[in-house]
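Report on the following structure.
Worth knowing before you read on, the calculation uses all heavy atoms, side chains too, and leaves out hydrogens, waters and symmetry mates. In what follows, every chain begins at residue 1, and chains take the letters A, B, ... in the order their sequences are listed.
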Number of protein chains: 2
Amino acid sequence: MPEPDRPLVLSQTAAGLLRDKILRGELAPGTPLREVIWAEALNVSRNTLREALRDLVAEGLIEHRPHHGATVRALTSAEISEIYTIRLTLELRGVTCSAYASKEAMAELVERVEAVQRAALARDWKQSGTASLEFHRQIVSFIGSPRLDELFASVAAQARLAFSLASDARRFQEPWVARDVEICSMLCDGDRAGASRALELYLQESERVVLEAARSHGLPRPSRSAAPAAD
Amino acid sequence: MPEPDRPLVLSQTAAGLLRDKILRGELAPGTPLREVIWAEALNVSRNTLREALRDLVAEGLIEHRPHHGATVRALTSAEISEIYTIRLTLELRGVTCSAYASKEAMAELVERVEAVQRAALARDWKQSGTASLEFHRQIVSFIGSPRLDELFASVAAQARLAFSLASDARRFQEPWVARDVEICSMLCDGDRAGASRALELYLQESERVVLEAARSHGLPRPSRSAAPAAD
DNA sequence: CAGGAAAATTTTGTTCAACAAATTATATCG
DNA sequence: CGATATAATTTGTTGAACAAAATTTTCCTG
C-alpha cells in the first residue's frame with residue numbers, strides 16, 4: 001500500500017527546484033527572478049510559477065515587492081542579527097526543556113555531535129557546518145513544537161544563505177566543533193545553566209564572525225538578469 | 001504626498017477580506033473554502049483567489065490538502081497545546097529581555113495593562129481579551145525581533161480562532177485581568193524571576209481553560225458548503 | 001436490502017492567451 | 001546636460017479551457 005501523502009503538486013515541485021538552487025548558492029542574493037524566464041526554465045506556466053514564488057516568500061527565501069517582482073533575499077546586517085536573536089530564544093528554551101527530554105532524544109543529541117566531530121576529523125567543513133546546525137536543531141526540538149522546529153529550519157536556511165559560498169573555509173567551521181562538544185556534555189550532565197552560558201557566548205561570537213564576513217563580502221551586489229542555466 | 005508603500009494588490013485585498021471573516025468567527029473551523037464560490041463572492045478570478053489562499057495557508061489560518069482544497073483551520077488539542085508552548089517560549093524570553101527595554105517600551109507596557117483594566121471595568125470582555133493579547137504582545141516585543149513578533153501575532157490569531165465565539169463570556173476573561181496587572185508591576189519592579197513564575201502559571205491555566213472549552217464545544221463540526229453571505 | 005463496482009459530477013491543478021497598470025529603459029528636446 | 005515624453009518590459013489579473021483527482025450518484029449483483 002503506497003504512502004498516504006504523495007499527491008505531488010507541480011507548483012511545489014517547482015518551488016523545490018528553486019529552493020535548491022538558492023540554497024546551493026547558484027542564485028546570488030539580490031538576483032531578480034523574472035516570471036517568464038523561470039516559468040520557461042522550470043517548464044511550468046507563469047501562474048504556477050507565481051504560486052511557487054509565493055511559497056518561497058512565505059519561507060523567507062525570496063522577497064517580493066508589488067510590481068517589482070521577486071528577488072533572492074539579500075539579508076541586511078540587521079536581519080542577520082535577528083537570525084541570532086531568534087536562535088538564542090529557541091536554543092535557550094531548548095536547553096531548559098532538555099530537563100524533560102527522553103533518553104532517546106538525548107542519545108540523538110550525542111549522535112549528532114559525534115557527526116560534527118567525524119566531519120571535522122575528515123576535514124569536510126561543509127558537512128561539519130551542516131552537522132552542527134543539525135545538532136542545534138536537536139536542542140530546539142526539546143521544546144516539542146513542530147512550528148518552532150520549522151522556524152529554526154527556516155532561520156538556519158537563511159543563515160546559510162548569508163554566507164553562501166565562503167562557508168567551507170576551515171577557519172569558519174573548526175573553532176566551533178569543540179564548543180558543540182562542550183555544550184553537549186554539559187547537557188548530558190544536566191548542567192543546564194552552564195550550557196546556557198556557553199550557548200550564549202557561542203551565538204554571540206558566531207554572529208560577529210558572520211556579520212564580518214557579510215560586510216567584507218559586500219551586501220547588495222547588483223547582479224543582472226541571471227539566465228537560469230539549462231538543465 | 002501619499003505613503004510610499006501603497007500598491008494594493010488585489011490578491012492581498014481578497015486575503016484580507018477572508019482573514020477578517022475567519023477571525024470574526026463567521027466561518028467555522030473546518031468549513032471548506034470552494035474556489036469558484038469564493039472567487040465569485042470576493043469578485044476576483046479563481047487564479048487570484050488561489051494566490052490569496054496560499055497567503056492564508058502561510059499564516060496558518062487555513063489548511064490545504066492537495067486535490068481536496070482549502071478549509072478553515074480546525075485546531076486539534078495538540079495544536080492548541082503547541083500554541084501555549086510557543087507563547088511560553090516567546091514570553092519568557094521577553095521577560096528576560098525586559099532588562100534592556102527602553103523607558104518608552106516599559107511605559108507602553110503599562111499603557112496596555114491599563115487598557116485591559118479599562119475594558120474590564122466597562123465589562124467589555126471581548127475588548128478585554130484583545131487588550132490582554134496586546135499586553136503580552138508587548139512583552140514579546142522586548143526581544144526585538146520582528147519575525148518573532150509576527151509569530152506571536154499568528155499564534156494569537158489562531159488562539160482566538162480556537163474559541164471563536166464563546167470568548168466574550170465574563171468568566172473567560174475576568175480572572176486574567178488581575179494577573180496581567182501583577183505581571184506588569186513585577187516587570188516594572190525588575191522582578192523578572194517572579195514575573196516568569198507568574199507567567200508560566202498564567203499560561204498553564206489558560207491552556208487548561210481553552211482546551212476544556214474546545215473539548216466541550218466539539219472539535220470537528222461537519223459544516224456543509226457554507227454559502228458566503230452576500231455583501 | 002446491503003455492498004460494491006461503475007459511471008456521472010464536482011472540484012482542484014495547470015495551461016494559455018490576452019490586456020491593463022506599473023515600472024524601467026530609451027529617445028527626444030530645451 | 002537634464003528634464004520629459006515615449007517606447008519596451010514586467011507584473012497583476014482575467015477568463016476559458018481541459019486533465020486529473022476526489023466525491024457523489026447510479027446501478028448491478030449476491
Side-chain angles (χ1 to χ4, degrees), chain A residues 1-18 27 30-58 61-73 220-228, chain B residues 1-18 27 30-58 61-73 220-228:
Chain A
M1 208 145 290
E3 307 293 309
D5 44 25
R6 257 309 190 73
L8 279 198
V9 192
L10 194 47
S11 61
Q12 291 175 15
T13 307
L17 291 175
L18 259 180
L27 272 45
T31 306
L33 301 171
R34 292 287 147 62
E35 297 182 353
V36 283
I37 294 182
W38 281 98
E40 201 167 311
L42 299 178
N43 213 41
V44 299
S45 79
R46 196 155 74 90
N47 279 329
T48 301
L49 180 81
R50 281 170 64 86
E51 297 198 349
L53 290 181
R54 230 162 244 272
D55 286 353
L56 294 178
V57 167
L61 283 183
I62 70 182
E63 283 175 307
H64 182 83
R65 283 170 47 207
H67 289 290
H68 285 252
T71 58
V72 179
R73 186 156 179 191
R221 205 176 344 173
S223 175
R224 55 198 67 279
S225 38
Chain B
M1 210 146 289
E3 305 293 309
D5 44 26
R6 259 308 192 71
L8 279 197
V9 193
L10 195 47
S11 62
Q12 291 176 13
T13 306
L17 291 175
L18 259 179
L27 273 44
T31 306
L33 300 171
R34 294 288 149 61
E35 297 183 352
V36 283
I37 294 182
W38 281 98
E40 200 166 312
L42 299 178
N43 214 43
V44 297
S45 80
R46 195 155 76 90
N47 279 328
T48 302
L49 180 82
R50 282 170 63 85
E51 297 198 348
L53 290 181
R54 231 162 244 271
D55 285 353
L56 293 177
V57 166
L61 283 182
I62 70 183
E63 283 175 305
H64 182 83
R65 281 170 48 206
H67 289 290
H68 284 253
T71 58
V72 178
R73 186 155 180 193
R221 206 175 342 172
S223 176
R224 53 200 66 279
S225 39

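Taking atom CG of B:Leu49 as the reference point, atom C1' of C:dT12 lies 12 Å away to the nearest angstrom. As a whole-Å value, the separation of A:Asn43 CG from C:dG13 P is 20 Å. Here the P atom of nucleotide D:dA19 and the CG atom of A:Leu10 are 17 Å apart, to the nearest Å. B:Arg34 has its CZ atom 14 Å from the C1' atom of D:dA21, to the nearest Å. Protein atom CD of B:Glu35 is 15 Å distant from nucleotide atom P of D:dG15, rounded to whole Å. Atom CD of A:Gln12 is separated from atom P of C:dT12 by 16 Å (rounded to the nearest Å). Atom-to-atom, CD of A:Glu51 to P of D:dT13 comes out at 13 Å; the value is rounded to the nearest Å. Rounded to whole Å, the distance from CD on A:Glu40 to C1' on D:dT10 is 15 Å.
A close approach under 4.0 Å does not occur between any side-chain nitrogen or oxygen of B:Ser11 and OP1 or OP2 of D:dG12. Proximity of A:Arg50 to the phosphate of D:dT11: no side-chain N or O atom is located under 4.0 Å from OP1 or OP2. Taking side-chain N and O atoms only, A:His64 has no distance below 4.0 Å to OP1 or OP2 of D:dT11.
The salt bridge (charged side-chain N to carboxylate O under 4.0 Å, His left out) analysis of residues 37-49 of chain B, with sequence neighbours excluded, yields the pairs B:Glu35-B:Arg46.
B:Ala14 and B:Leu42 make their closest contact through O-CD1, 4.0 Å (heavy atoms, listed as atom of the first residue, atom of the second, distance).
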Report each atom pair, protein N/O against N/O of nucleotides 16-21 of chain C, whose distance is under 3.5 angstrom.
unit_1, atom_1, unit_2, atom_2, d
C:dC16, N4, A:Asn47, ND2, 2.6

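Of the candidate nucleotides C:dT15, D:dT23, C:dT23, C:dT23 has the atom lying nearest to any side-chain atom of A:His68.
Between A:Leu33 and A:Leu49 the shortest side-chain heavy-atom distance does not fall below 4.5 Å.
Residues meeting the side-chain hydrogen bond (donor to acceptor under 3.5 Å, both in side chains) test with A:Thr48, sequence neighbours left out: A:Ser45. For A:Asp55, the side-chain hydrogen bond (donor to acceptor under 3.5 Å, both in side chains) partners at least two apart in sequence or on another chain are B:Arg54. Judged as a side-chain hydrogen bond (donor to acceptor under 3.5 Å, both in side chains), and not counting sequence neighbours, A:His64 has no contacts. In this structure, the side-chain hydrogen bond (donor to acceptor under 3.5 Å, both in side chains) partners of A:Arg73, at least two apart in sequence or on a different chain, are A:Glu79.
The 5' end of DNA chain C is approached more closely, in terms of each residue's nearest nucleotide, by B:Leu33 than by the other of B:Leu33 and A:Arg65.
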